[in-house]
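All remarks here apply to the structure that follows.
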There are 2 protein chains.
Amino acid sequence: MDQEEARSRVLDAAERLFYDRGIQAVGMDELRTAAGVSLKRLYQCFPSKNELVEAYLQRRDARWRSELAEYVAEHAGAPEDRPLALFDWLHTWFAAPGFRGCAFINSFGELGPTSDGVACVARDHKLALHAYVTELVQGLKVGDPAGLAGQLVLLVDGAITTAALTGDPEAARNARTAAATLLAAR
Amino acid sequence: MDQEEARSRVLDAAERLFYDRGIQAVGMDELRTAAGVSLKRLYQCFPSKNELVEAYLQRRDARWRSELAEYVAEHAGAPEDRPLALFDWLHTWFAAPGFRGCAFINSFGELGPTSDGVACVARDHKLALHAYVTELVQGLKVGDPAGLAGQLVLLVDGAITTAALTGDPEAARNARTAAATLLAAR
DNA sequence: TAGTGTAGAGAACGTTCGTTCTCGTGCCAA
DNA sequence: TTGGCACGAGAACGAACGTTCTCTACACTA
């Protein structure tokens with residue numbers, strides 16, 4: 001087995017297990033079994049659990065945002081529909097099996113005070129999301145794109161945590177309605 | 001020392017330590033030292049760490065909501081100011097030293113998949129918040145109070161997580177502005 | 001005063017976990 | 001063929017943690 005393939009198998013297993021059950025609830029041994037690599041190999045790819053955790057979060061960040069952007073690009077026709085398409089995507093995500101909230105908020109709650117790396121990745125993820133939404137809003141002629149984007153991101157984060165806690169995907173619909181109101185009042 | 005006082009000293013220490021550093025990062029031994037009670041006493045009050053965690057969350061829920069309600073009752077004159085006062089309170093909370101986000105979201109991220117009790121307390125906290133905001137909104141004549149309250153709660157949760165991740169209390173101001181827009185458009 | 005129960009301090013126990021070490025096996029170059 | 005090398009499997013190690021046990025001191029009662 002290639003080193004590169006081992007690495008991606010470990011990251012796949014990490015993403016599945018860490019996201020499902022929390023980071024501290026998953027041991028390196030279980031991870032090794034799930035990934036189907038040897039412990040030696042695992043530590044060759046990631047010299048410590050901390051580095052694996054950060055790599056997991058970074059890869060998830062990239063994939064999450066690219067999936068979101070892809071959906072919005074595909075499903076939104078007019079520029080003014082694009083921010084709302086974001087909330088449609090949220091709904092499909094919330095309703096997907098295994099949804100358990102935002103990996104970054106969860107990790108931050110679990111390890112934020114202990115690990116600067118985790119706190120940093122989580123913060124960067126939210127900043128990148130804000131930048132993306134600002135981009136979406138910039139097309140519409142609005143006085144303060146970053147401000148409006150900030151408000152929309154609040155709705156996004158609120159919807160994610162509400163859906164995670166209650167298990168009800170309808171939080172996305174609620175957020176979409178609120179977002180439409182904010183956009184109409186701009 | 002009274003049993004009742006031991007209990008409250010343990011809960012005080014638990015609230016401080018669990019909230020600051022996460023639940024799994026704090027051991028029973030450190031808790032005992034911080035509370036100034038013996039290990040035997042600690043286990044007399046709370047037969048297991050799980051029960052202590054749930055008691056901590058329940059007490060924090062009660063206090064958090066009563067402090068919020070007290071602030072709103074004091075600082076809001078007209079009924080239509082009351083939902084906005086909520087966001088003013090958030091700002092003072094975010095700016096307070098030691099703010100580290102929502103204890104329930106954090107605990108849910110850390111222990112939600114493992115402990116049904118924690119997941120339940122977190123869910124109940126959010127439901128109670130929603131009920132309270134619905135009450136606030138009910139005074140204004142609006143078609144769907146629960147729906148509008150749901151949207152406002154999204155802003156609340158979004159603001160809390162954003163403030164926690166970025167460390168910037170301004171998220172409360174942003175949320176307040178958005179809330180005002182939603183209220184004006186009702 | 002002798003006896004009894006209770007509490008505090010902390011040692012001890014069993015488990016889990018991150019990380020490292022050992023051993024046996026197969027592969028490749030000289 | 002042979003010597004070394006890399007790898008997989010899993011044992012081993014040291015630390016941390018939740019929980020229980022032991023020992024000592026002291027208060028209270030008959």
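Only this structure's heavy atoms are used, side chains among them; waters, hydrogens and symmetry mates stay out. Computed from a predicted structure; not experimentally measured.
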Do A:Lys49 and A:Ile23 come close enough that some side-chain heavy atom pair is under 4.5 Å? yes

Contact between B:Trp89 and B:His75 at the side-chain level, heavy atoms closer than 4.5 Å - yes or no? no

Rounded to whole Å, how long is the line connecting atom [atom1] of [X] with atom [atom2] of [N]?
X: B:Glu30; N: D:dG18; atom1: CD; atom2: C1'; value: 14 Å
X: A:Glu51; N: C:dG18; atom1: CD; atom2: P; value: 15 Å
X: B:Arg32; N: D:dC17; atom1: CZ; atom2: P; value: 13 Å
X: A:Leu42; N: D:dC7; atom1: CG; atom2: P; value: 14 Å
X: A:Gln24; N: D:dA16; atom1: CD; atom2: C1'; value: 12 Å
X: A:Phe46; N: C:dC17; atom1: CZ; atom2: P; value: 20 Å
X: B:Arg41; N: C:dG10; atom1: CZ; atom2: P; value: 17 Å
X: B:Asp2; N: C:dA7; atom1: CG; atom2: P; value: 11 Å

Please work out which of the three classes, parallel, tilted or perpendicular, describes the rings of B:Trp64 and B:Trp93, given edges at 30° and 60°. perpendicular

In Å, rounded to the nearest 0.5 Å, how long is the span from SG of A:Cys120 to CG of A:Leu57? 11.0 Å

Under-3.5 Å N/O pairs linking protein and nucleotides 19-22 of chain C:
{"unit_1": "C:dT19", "atom_1": "OP2", "unit_2": "A:Tyr43", "atom_2": "OH", "d": "3.1"}
{"unit_1": "C:dT19", "atom_1": "OP2", "unit_2": "A:Lys49", "atom_2": "N", "d": "3.0"}

Base, sugar-phosphate alone, or nothing: which one does B:Gln44 contact when heavy atoms must sit under 4.0 Å apart? sugar-phosphate

By nearest heavy atom, map B:Gly27 and A:Gly36 onto DNA chain D; which one lands nearer the 5' end? A:Gly36

Does a salt bridge link A:Asp20 with A:Arg100, judged by any charged N lying under 4.0 Å from a carboxylate O? no

Salt bridge present between B:Arg16 and B:Asp12 (N-O < 4.0 angstrom): no

